[in-house]
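Encoded as C-alpha cells, the structure appears first; notes follow it.
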Protein chains: 2
Amino acid sequence: MNGKATTTRTKLERGRSALGPALELVHTGRAPTRAVLTSELGVTRATAGAVAAELEALGLIRVDSSPGSAAGSQGRPSHRLSVLETGPVVLAAQVHADGFRAALVGLGGRIVATSPGCVAVMADPAQVLGEVVEAGAELLRASGLRCVGAGLAVPSAVAEPEGTALNPLHIAWPAGSPVRDIFAACVRRAGITGPAFTGNDVNLTALAEHRHGAGRGAQHLLCVATGHRGVGGALVLDGRLHSGSSGLALEVGHLTVNPEGRPCHCGGRGCLDVETDPLAFLTTARREPGPEESLLKQAGNLLRTEYGDPAVRQAAEALIDRLGLGLAGLVNILNPDRIILGGLHRDLLEADPERLRAVVADRSLWGRSGSVPILPCTLAHNSLVGAAELAWQPVLDDPLAALA
Amino acid sequence: MNGKATTTRTKLERGRSALGPALELVHTGRAPTRAVLTSELGVTRATAGAVAAELEALGLIRVDSSPGSAAGSQGRPSHRLSVLETGPVVLAAQVHADGFRAALVGLGGRIVATSPGCVAVMADPAQVLGEVVEAGAELLRASGLRCVGAGLAVPSAVAEPEGTALNPLHIAWPAGSPVRDIFAACVRRAGITGPAFTGNDVNLTALAEHRHGAGRGAQHLLCVATGHRGVGGALVLDGRLHSGSSGLALEVGHLTVNPEGRPCHCGGRGCLDVETDPLAFLTTARREPGPEESLLKQAGNLLRTEYGDPAVRQAAEALIDRLGLGLAGLVNILNPDRIILGGLHRDLLEADPERLRAVVADRSLWGRSGSVPILPCTLAHNSLVGAAELAWQPVLDDPLAALA
DNA sequence: CGCAGTTTGTTTAGTTGCGGCACAAACTCA
DNA sequence: TGAGTTTGTGCCGCAACTAAACAAACTGCG
C-alpha cells in the first residue's frame with residue numbers, strides 16, 4: 001500500500017498541492033472552520049480561502065458564509081466547513097460470517113444508505129460479492145448520487161500486492177481466493193465508476209476508528225479485535241494503515257499468552273487466537289455453544305447478561321488476563337500511544353476495564369508504556385466505514401485527479 | 001521522532017524543496033550520477049541540475065563534470081555525483097560494555113577518523129560522556145573540518161521525548177539517566193557546534209545498515225541484535241526509524257520463545273532475552289564464562305572455533321531454534337521484507353543459515369512471509385555510523401536550514 | 001450608540017520552484 | 001564522418017504559494 005515516490009508528477013496531473021490535506025482535515029472533522037484549516041495547513045488565510053473555495057467548487061465540501069450565531073470568542077466569526085451532504089459517495093461492502101452488507105458512505109464517514117444485512121453466505125466468493133455489489137448498486141440507483149469508488153472488507157488477511165484472501169476460513173471461501181480481482185470485476189460489471197479496493201476487516205476497522213472514532217488523534221494506534229473466530233490486529237501509523245510489506249502485518253493470533261494452554265494448529269500452544277476468541281470463552285465458561293446464533297453474539301450476550309455467574313466471571317477474568325498478556329507483548333514491540341479493542345475483546349474490556357489495564361501495565365516493560373490508554377471501539381459499522389475510507393483515499397490524496 | 005506538519009513553513013525558511021531528497025539519494029549512494037538523480041527525484045533535468053549545483057555550492061557534494069571514461073552505454077555520459085571528502089562531518093560516539101569510542105563521520109557513512117576504543121567505563125554517565133566527547137573534539141581539532149552535529153549510541157532503551165536511558169544495566173549507569181541532556185551538555189561544553197542526538201544502539205545499527213549496509217533498499221527492515229547481554233530490536237519503515245510513540249518500540253527481549261524455559265525477571269518464562277544471549281549460549285554449551293573477555297566475544301569465538309564440539313553445536317542449534325521462534329513471531333506482527341541480525345545472532349545465523357531460515361519459515365504463518373530474507377549485518381562500527389545518521393538527519397531533511 | 005480591539009475574509013502584487021521546450025554537448029555505432 | 005542517443009543548460013511561463021494592506025464581522029466597554 002506504499003507507492004514509491006518515483007512517479008513523475010507532471011504539472012498537468014497535480015493540482016493545488018494543499019487540496020488533499022485540506023480535504024482530509026475536513027473529512028476527519030479536524031477543520032470545522034476555515035480559520036483552523038488555515039492554522040492546521042500552516043498556510044496563509046489567502047491560500048486556505050482559495051483551497052476551500054476549490055473544494056467547494058468540486059462539490060465536496062460546504063462553506064457556510066453565514067453561520068448565523070454560535071460564536072463564543074471575539075473577532076469576526078469564521079466560516080464553517082462541512083462535508084457536502086449531496087456530494088459524491090463510495091460503495092462500501094462487508095462480508096462476514098453472519099452475512100454481507102452494502103452501504104453508501106459519504107465524506108466524513110457518514111453512512112448515507114445501507115442495505116439490510118443479508119444472512120446467506122455461500123462458499124463461492126464470486127457469487128457473494130456479486131450479490132453484495134448488486135445490493136450496493138441498487139442503493140446507488142435509488143440515491144442518484146455520484147459514486148467515486150468502492151471498498152470491501154473481508155474477514156481474512158489480504159496478501160499484497162496480489163489481493164488474495166489467505167485465510168477466509170470461517171466464511172468457507174477457498175484460501176487464496178483473488179478477492180480483490182473478483183470484487184473489482186463485480187464492481188465494473190455493475191456499472192459502478194471508480195477504482196475498487198479490498199482490505200482486511202480489522203485493518204479497516206482500525207482505519208475507520210482512527211479517522212472518525214475512538215482512535216482519533218492517536219499517532220500510533222493499535223487495534224485488536226475478535227471476530228466470530230480468531231483474533232486480528234491492525235496498526236495505524238501517522239494516519240496510514242501499516243499492513244506490512246505484503247499485507248500480512250499484525251497477524252497477532254499466534255502470540256503465546258498461556259504457556260500451559262491448549263495446542264494450536266500453528267504448532268505452538270496457548271496462542272492468543274485459541275485462548276481469547278468467542279469459542280474459548282464459551283467453553284471456559286462451560287456453556288454449550290448453540291447453533292442458532294453466531295458465537296460472537298452468544299459470547300457477548302453471556303458476558304453482558306450473566307456476569308454475576310461465577311463460572312462466567314471466572315472465564316472472563318481468565319480471558320482478560322490472557323488478552324492482557326498478548327497486548328503487553330504487542331506494546332513492547334509496537335509502543336503504541338493508544339489501543340482500541342473490538343468484538344469480544346471490547347466486551348471483555350467493558351466487563352472489567354481495570355483488570356485488563358492492570359495486566360497490560362504489569363506485563364509491559366515500563367510503567368510509562370504500560371499506561372497506554374485502552375479504549376473500546378465506538379463506531380457503528382466500523383469495518384464498513386473503513387472499507388469506504390479505502391475507496392476515499394485516492395480522493396483524499398489528490399481530489400482533482402480522482403474526480404477527473 | 002515524528003514532528004507533526006503543523007509548523008508554518010514561511011517562504012524564507014524553506015529552500016529548494018527537492019534539496020533534502022537529493023542529498024539523501026547521494027548520501028545513500030542511490031544517485032551515482034545526475035541522470036539517475038533526475039529520474040529518482042522525478043523532476044526534470046533542469047531542476048536536478050539546479051539542485052545538484054546548489055548542493056555543490058553548499059560544500060556537501062562533488063559534481064564531476066569530466067568523468068574521463070567509465071562509460072558503458074551510449075549517449076552523453078552523465079556527471080558523477082559523490083560526497084565531498086572535505087565537506088562537513090558529524091561527531092559520532094558510542095558507549096558499550098567494553099568501553100567507548102568516538103569518531104568523525106562524513107556524508108555517505110564514511111568514517112573520517114576514529115579514536116582508539118577506550119576500555120574504562122565508569123558508573124557516572126557524565127564522566128564517560130565527557131571523556132568520549134572530548135576524544136571526539138580532539139579528532140575534530142586535528143582534522144580541521146566543520147562539524148554540523150553530534151550523535152550518541154547507548155546500549156539502552158531511550159525514552160522519548162525525555163531522552164532518558166531506561167535500562168542501561170550492563171554499563172552500570174543508573175536507570176533513568178538523562179543521557180540526551182548529559183550528552184548535549186558535554187557537546188556544548190566541548191565547543192562543538194550543531195545539535196546533539198542520542199539513540200539506542202540497536203536502533204542506530206538498523207538505521208546505519210538500512211542506509212549503507214545489508215538493509216539497503218528494504219522497505220520494512222527488521223533488525224535484531226544481541227549485545228553483551230540481552231536482545232534488542234529495531235524497525236526501519238520507509239527509511240525512517242520506527243521507535244514507537246515513546247521510543248520504546250521493538251523491545252523484543254520478552255517474547256516467549258520457550259514455554260518450558262527458565263523464568264525471567266519480567267514475570268514470564270523462556271523469554272528471548274534469557275534464551276538467546278551470550279550467557280545463555282555459554283551455559284547451554286556447558287562452558288564456564290571467563291572474566292577476561294566480554295561474554296559476547298567468548299560466545300562468538302566459541303561458536304566459530306569449536307562448532308565441531310557436539311555440546312557447542314547442540315547449544316547453537318537450541319539457540320537458533322529459539323531465535324527462529326522469536327523472529328517468526330515478529331514476522332507475524334511486523335511483516336518485514338528483510339531481517340538483519342547483529343551480535344551473537346549474526347554468528348548464529350552464519351553458523352547454520354538454513355536451520356534458522358527453516359524455523360522462521362515453519363513458524364511464521366504463511367510461506368510467503370516465511371521466505372523473508374535473513375541477512376547478517378555487514379557494516380563495521382554500525383552503531384557508530386548510525387549515531388552519525390542521527391546527527392546528519394537535519395541536514396538531510398533541510399540542508400539550507402541545517403547549515404545556516 | 002459609537003468606538004476601540006480582535007479575529008477573519010479578500011484583494012493585489014510579488015516571489016519562486018519547477019515544468020516544458022529548444023538547443024547544445026558528449027558519447028556510441030555504423 | 002554522420003546518424004542516433006542520452007545528458008546538460010538556458011529561457012519562458014505557469015501556478016501555487018507568501019506578504020501586505022484593507023475590508024468585514026463580531027465582542028465589549030463607556
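Every chain is numbered from 1 and lettered A, B, ... according to where its sequence line falls, protein lines coming before strand lines.
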message = Could you tell me how far apart A:Leu400 (CG) and D:dA15 (C1') are, to the nearest whole angstrom?
response = 12 Å
task = Round to a whole Å and report the spacing from CD of B:Glu56 to P of D:dT9.
result = 10 Å
key: Euclidean distance, atom CG of residue B:Asp64 to atom P of C:dC27 [Å, nearest integer]   = 14 Å
ask   = Between B:Asp337 and B:Gln219, does a side chain to side chain donor-acceptor pair (under 3.5 Å) hold up when you go through it step by step?
value = CA-CA 7 Å; B:Asp337 57 357; B:Gln219 203 184 354; over 6 Å; no
query = Are B:His242 and A:His242 near enough that their ring centres are under 6.0 Å apart?
reply = no
query = If you measure from the Lys or Arg side-chain nitrogens to the Asp or Glu carboxylate oxygens, is any gap between A:Arg211 and A:Glu389 under 4.0 Å?
reply = yes
query = Just how far, in rounded Å, is P of D:dA15 from CD of A:Glu54?
reply = 11 Å
task = Identify whether any heavy atom of B:Ala48 sits under 4.0 Å from a base atom; if not, whether one sits that close to sugar-phosphate; answer base, sugar-phosphate or nothing.
result = nothing
query = Which nucleotide in the set D:dT5, D:dG8, C:dC18 lies at the smallest distance from any side-chain heavy atom of B:Ala35?
reply = D:dG8
Upstream residue (5' side of DNA chain C) when A:Gly75 and A:Gly49 are each assigned their closest nucleotide = A:Gly75
request  = Take atom CD of A:Glu40 and atom C1' of C:dT8, then tell me their distance rounded to the nearest Å.
outcome  = 17 Å
Salt bridge flag under 4.0 Å for residues B:Arg62 and B:Glu85 = yes
inquiry  = Rounding to an integer number of Å, can you tell me how far A:Asp398 CG sits from D:dA16 C1'?
reply    = 14 Å
key: Euclidean distance, atom CZ of residue B:Arg80 to atom C1' of C:dA26 [Å, nearest integer]   = 16 Å
ask   = Mapping A:Arg45 and A:Arg76 to their closest nucleotides on DNA chain D, which lands nearer the 5' end?
value = A:Arg45
inquiry  = Taking A:Asp181 first and then A:Arg188, would you say they form a salt bridge - that is, a charged N and a carboxylate O separated by under 4.0 Å?
reply    = no
request  = Establish, with yes or no, whether the OP1 or OP2 oxygen of C:dT7 is under 4.0 angstrom from a side-chain nitrogen or oxygen of A:Ser78.
outcome  = no
message = Distance check needed: D:dT9 P versus B:Arg34 CZ, whole Å only.
response = 5 Å
query = Can you tell me if the side-chain N/O atoms of B:Thr47 get under 4.0 Å from OP1 or OP2 in C:dG19?
reply = yes
inquiry  = D:dT7, OP1 or OP2 - any side-chain N/O from B:Thr33 closer than 4.0 Å?
reply    = no
query = Which listed nucleotide (D:dT27, C:dG19, D:dG8) is nearest to the side chain of A:Gln74?
reply = D:dT27
